[in-house]
Amino acid sequence: MANFYTDNPDLKHHLNHPLMQKIVALKERNFADAETYDYAPLNFEDAMDSYDRVLEIVGEICGTTIAENAESVDHQGPHVENGRVVYADATAENLDVCRKAGLMGMSMPRRFGGLNFPITPYIMAADIVSRADTGFENLWGLQDCAETIYEFANEDQKQRYITRVCQGETMSMDLTEPDAGSDLQSVMLRATEQPDGTWRLNGVKRFITNGDSDIHLVLARSEEGTKDGRGLSMFIYDKRDGGVTVRRIENKMGIKGSPTCELVFKNAKAELCGSRRLGLIKYVMALMNGARLGIAAQSVGVSEIAYREALAYARDRRQFGKAIIEFPAVSEMLAVMKAKLDASRSLLYETSRYVDIYKIYDDIAKERTLTPEERKEAKAYSKLADALTPMAKGLGSEYCNQNAYDCIQIHGGSGFMKDYACERIYRDARITSIYEGTTQLQVVAAIRHVTTGTYLTLMNQYAAEETKPELVEFKQRIAAMVARYTAAVEKVTSVKEQAYNDFMARRLVEMAGNTIMSYLLLLDANRNESFMTSLKVYLNLAEAEVAKHAEFIDRFNPEEVAVYMQH
């Protein structure tokens, strides 16, 4: 099999984005770690070379081991024995290979045994792993739960738990319950404080990814008599302490290798993480934003393998005396698949870079007081990250599902059979637009950045960047999309009716996403002409989508919302 990093030049294009110079300088604190750790970089070039080398290792492991194991994992899956999860044989092999390669705790500081990678190369690794096996990414990728411990736990907890994650132990986030899915303020798992300062957890959690992990982050109700989010706190549960059993593993459509568990807590010993009452209000919000970025990466990885499988089949499959890729209907599908892949990947890495900068500033603020300029910059990047994360997750997962659908379609009847990988890819893709917040909930998170002008400001920033003369025509076409988007926002917000505003939210967010991704592909093509084809194809698609939504909004009578509510 190929190396899943080196066989994809688009990844290096995004890794070498100009903003990485700033990210690396901030992350490495002027490369002070080089005096203490022999593997710490000496300068920017050294850091980038380190990211490149590690990603090459990720790509090699994914191409030669994880991808090769994906089919057997899908068939065997995990099972429960005596209240514990037993992974599929190949899943255990995958985890062992990743541990031995030092690919756990990638973004954690070196003092805990991590690689101190920025979010961007870590997310790139997640993109690669997801291409190899979507379900395995859920196990490997949950190492980013350690970010929550790093941000909010005390120093003793960081030393005890983050070190273990860097050594290869697994994590999970135990949030949802039978009666609390998206509505997490309804969580009722009880947390009772003990005289020695520890806590005991009692209740049931459901739909917990990798639910028999070594270290759990658990959302529980710590304040007796409360029923809303203000009574919830975050806890760390250590599997070594016992008290939690796996009642069952869900029988899922896809991501079969990832055990989705129902857990029973019976006086399970736990530690408070951070402060009481902030479990949902602060810590889960931070945890979910990281998870949503991870699902955006997973979606891009699935889009990548769906496109590659479809392309390979279209080149090999012959009908009526020629390869089916020569038929315009098939060729067009492939071009659109590649354009959606490139657009969602550009949005993913733009988002990860914004997340990187604001998170690094938050970390620096623990060491020293930020200057007024730094505080202003941190706030700006935090706002951009907050705006783009739901868009990257929402639209990226929808494109992922569309690409998986088209991959099956190009395979025809063969795609419906388990003989081809596209059948598994199609099943695995479906969850991406559901978990960590459905696409509809991503719209709820994104719409305020439509109404407050965050997206429009970002569009104007992109428009102000210089581009090559041959790209001026494309820039003008995107500017026309901005004008239609702006007019649509004004028309919707001028109607002071919440039901109507909510009804139109999806259309406005999609218009913003189509426009922003068009700008990002324009800037990609400005740096690398290999993106020209995707720019042309995607811009045609985006213009049509923006026009469709604009026309719907123009013609729609707000009073007709009631028609859609009659069921």
Side-chain angles (χ1 to χ4, degrees), residues 10-11 13-20 22-23 26-27 51 107 117-128 130 137 141 144 147 285-304 340-362 377-400 432-433 436-437 439 441-450 454-459 461-462 465 509-510 512-524 538:
D10 293 352
L11 293 173
H13 165 84
H14 289 293
L15 183 63
N16 291 316
H17 188 277
L19 202 55
M20 285 302 294
K22 181 183 188 68
I23 290 169
L26 289 170
K27 185 71 175 178
Y51 306 153
S107 64
F117 271 28
I119 296 295
T120 298
Y122 165 68
I123 285 294
M124 196 162 286
D127 177 350
I128 297 167
S130 300
E137 156 60 15
D144 65 11
E147 285 279 348
M285 291 301 102
L287 187 63
M288 290 295 284
N289 277 338
R292 286 168 179 172
L293 187 62
I295 302 306
Q298 187 177 59
S299 298
V300 169
V302 175
S303 279
E304 178 74 42
K340 289 176 179 175
L341 164 62
D342 286 348
S344 56
R345 179 171 276 137
S346 293
L347 179 58
L348 169 67
Y349 292 118
E350 185 79 335
T351 307
S352 72
R353 290 187 290 266
Y354 292 159
V355 170
D356 255 325
I357 293 177
Y358 99 80
K359 278 189 172 289
I360 296 170
Y361 272 132
D362 280 355
E377 192 170 67
K379 184 177 180 180
Y381 278 106
S382 177
K383 186 176 183 180
L384 288 171
D386 188 61
L388 291 192
T389 296
M391 183 178 283
K393 197 278 183 186
L395 298 186
S397 64
E398 291 295 328
Y399 281 174
C400 155
T432 60
S433 58
E436 311 309 341
T439 302
L441 284 177
Q442 303 312 306
V443 169
V444 172
I447 189 61
R448 69 178 179 275
H449 295 288
V450 171
T454 308
Y455 294 135
L456 182 60
T457 300
L458 186 58
M459 293 172 197
Q461 289 174 6
Y462 292 146
E465 295 198 28
V509 170
E510 286 184 6
N514 294 147
T515 307
I516 286 171
M517 284 188 277
S518 296
Y519 266 129
L520 290 173
L521 282 175
L522 175 73
L523 297 175
D524 285 333
Y538 188 78

Heavy-atom side-chain proximity of Arg292 to Gln442 below 4.5 angstrom: yes
side-chain hydrogen bond (donor to acceptor under 3.5 Å, both in side chains) filter on Thr432, not counting sequence neighbours, yields Asn401
Derivation and outcome, side chain to side chain contact (heavy atoms under 4.5 Å, CB included), residues Ser107 and Asp144: CA-CA 8 Å; Ser107 64; Asp144 65 11; 5.7 Å; no
Looking only at heavy atoms, the pair that brings Thr389 and Ala385 closest together is OG1-O, 2.7 Å
Indicate yes or no for a side-chain donor-acceptor contact from Lys359 to the backbone of Ile119 under 3.5 Å, with no hydrogens or angles considered. no
Between Ala387 and Thr454, which heavy-atom pair has the shortest distance, and what is it? CB-CG2, 3.8 Å
Please tell me if the side chains of Asp524 and Asp342 come closer than 4.5 Å, counting only heavy atoms from C-beta onward. no
From CA spacing to verdict: side chain to side chain contact (heavy atoms under 4.5 Å, CB included), Met517, Tyr399: CA-CA 12 Å; Met517 284 188 277; Tyr399 281 174; 3.8 Å; yes
In chain order, what residues pass the side-chain hydrogen bond (donor to acceptor under 3.5 Å, both in side chains) check against Thr515, with sequence neighbours excluded? none
Ser344 side chain near Leu395 side chain, heavy-atom distance below 4.5 Å: no
Under 3.5 Å, is there a donor-acceptor pair linking the side chains of Thr120 and Ser352? yes
Supply the atom-to-atom distance Leu384 CG to Tyr455 OH, rounded to the nearest 0.5 angstrom. 10.0 Å
NZ-NE2 distance between Lys22 and His17, expressed to the nearest 0.5 angstrom: 13.5 Å
Heavy-atom closest pair, residues Tyr122 and Gly141: OH-O, 2.9 Å
What I'd like to find out is whether the side chain of Leu520 reaches to under 4.5 Å of the side chain of Tyr349, using heavy atoms alone. no
Ala296 and Leu348 have their tightest heavy-atom pair at CB-CD1, 3.8 Å
Quick one: pull up CD in Gln461 and OH in Tyr519 and give me the separation to the nearest 0.5 Å. 11.5 Å
Hydrogens and angles aside, do Asp386 and Tyr358 bring a side-chain donor and acceptor to less than 3.5 Å of each other? no
To the nearest 0.5 angstrom, please state how far the OH atom of Tyr354 sits from the CD1 atom of Ile23. 10.0 Å
Side chain to side chain contact (heavy atoms under 4.5 Å, CB included) assessment of Ile357 paired with Leu19: CA-CA 9 Å; Ile357 293 177; Leu19 202 55; 3.8 Å; yes
What is the minimum heavy-atom distance between Leu341 and Ser303, and which atoms define it? CD1-CB, 3.8 Å
For residues Tyr51 and Met124, determine if any side-chain heavy atom of one lies less than 4.5 Å from a side-chain heavy atom of the other. no
Note: Ser130 and Glu137 closest approach over all heavy atoms is OG-CG, 3.2 Å
Once you round to the nearest 0.5 Å, how far does CE of Met391 lie from OG1 of Thr351? 8.5 Å
Please identify which of these residues, His14, Glu304, Glu350, meets the side chain to side chain donor-acceptor pair (under 3.5 Å) condition with Arg345. Glu304
Glu398 vs Glu510, test: side chain to side chain contact (heavy atoms under 4.5 Å, CB included). Steps then yes/no. CA-CA 11 Å; Glu398 291 295 328; Glu510 286 184 6; over 6 Å; no
Distance col, row Glu147:CD vs Asn289:CG, nearest 0.5 angstrom, shows 12.0 Å
Do Met288 and Glu436 have side-chain heavy atoms sitting under 4.5 Å apart? yes
